[in-house]
Structures are given as structure tokens and as C-alpha cells.
Student: 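Pasting in a structure now, in C-alpha cells, and then I'll have a few things to ask.
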Amino acid sequence: LELEDGTAIEVRAFQRSEPRRARLISALREAACGPFKTVLGPGSDADHADHFHFDLAERRGGGTFCQ
């Protein structure tokens, strides 16, 4: 991801020593949960450690799944 100020942020699992990355990844996930029915990303599982998965497919019961 490239921020407006030109800062590049790599989408990957973050370390405790990276509070800015942690806040950004969490904010992106939270913002996407709602418009998208499934949101997976760093911290959810090994398959999504370096990218986000956004899905619009309806989930059983009409809910969302966000990790």
C-alpha cells in the first residue's frame, strides 16, 4: 500500500514493534468488514499473512466473517 504522503506499507503480519502498521492493518480490516461479507488478512491465518482477501459472496445467515 502507498499512503498519500508516499510512505509504502507492506501488507504482511506485523510485529509489536510496528504500532503504525498494526493500526493501519486493523483499520483497513475494520473498514472493509461490512461492505464485504468476508475479510481475511494478516493475523487471520498463514494463507492470508501477506495480503487481504475481500469477498462479496453472501454468507449463511446473512452475516459477515472478519479476521
Student: With side chains defined as the heavy atoms from C-beta onward, is the minimum distance between Leu1 and Leu24 less than 4.5 Å?
Tutor: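 With C-beta onward as the side chain, the pair touches.
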Student: Can you find a heavy atom in the side chain of Cys66 that is under 4.5 Å from one in the side chain of Glu30?
Tutor: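 Heavy-atom side-chain distance check fails, nothing below 4.5 Å.
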Student: Less than 4.5 Å apart, side chain to side chain, heavy atoms only: is that true for Asp55 and Lys37?
Tutor: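 No, side chains not in contact.
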Student: Between Val39 and Thr64, is there a side-chain heavy-atom distance shorter than 4.5 Å?
Tutor: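 The answer is no, as the side chains (C-beta and beyond) never meet within the 4.5 Å cut-off.
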Student: With heavy-atom distances below 4.5 Å as the criterion, would you say the side chains of Cys33 and Phe65 are in contact?
Tutor: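 Result no, sub-4.5 Å side-chain heavy-atom pair not found.
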Student: Could you grab the distance from atom CZ of Arg23 to atom CD1 of Ile25, nearest 0.5 Å is fine?
Tutor: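 These two atoms lie 12.0 Å from each other.
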Student: Rounded to the nearest 0.5 Å, what's the gap from CZ on Phe52 to CG on Leu40? Could you check?
Tutor: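 The distance works out to 10.0 Å.
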Student: In the structure I gave you, are the side-chain heavy atoms of Asp47 and His53 within less than 4.5 Å of one another anywhere?
Tutor: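 They are not in side-chain contact.
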Student: For Ser44 and Gly41, indicate whether the former's side chain and the latter's backbone hold a donor-acceptor pair under 3.5 Å.
Tutor: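 Yes, because the side chain of Ser44 sits within donor-acceptor range (under 3.5 Å) of the backbone of Gly41.
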Student: Are Gln67 and Asp45 close enough that some pair of their side-chain heavy atoms sits under 4.5 Å apart?
Tutor: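 Gln67 vs Asp45: side chains apart.
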Student: Nearest 0.5 Å, what's the CZ-CD1 distance between Arg12 and Ile9?
Tutor: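 Taking CZ in Arg12 and CD1 in Ile9, the distance rounds to 9.5 Å.
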Student: Looking at Arg29 and Pro42, would you say the former's side chain and the latter's main chain have a donor-acceptor pair under 3.5 Å?
Tutor: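 Answer holds: yes.
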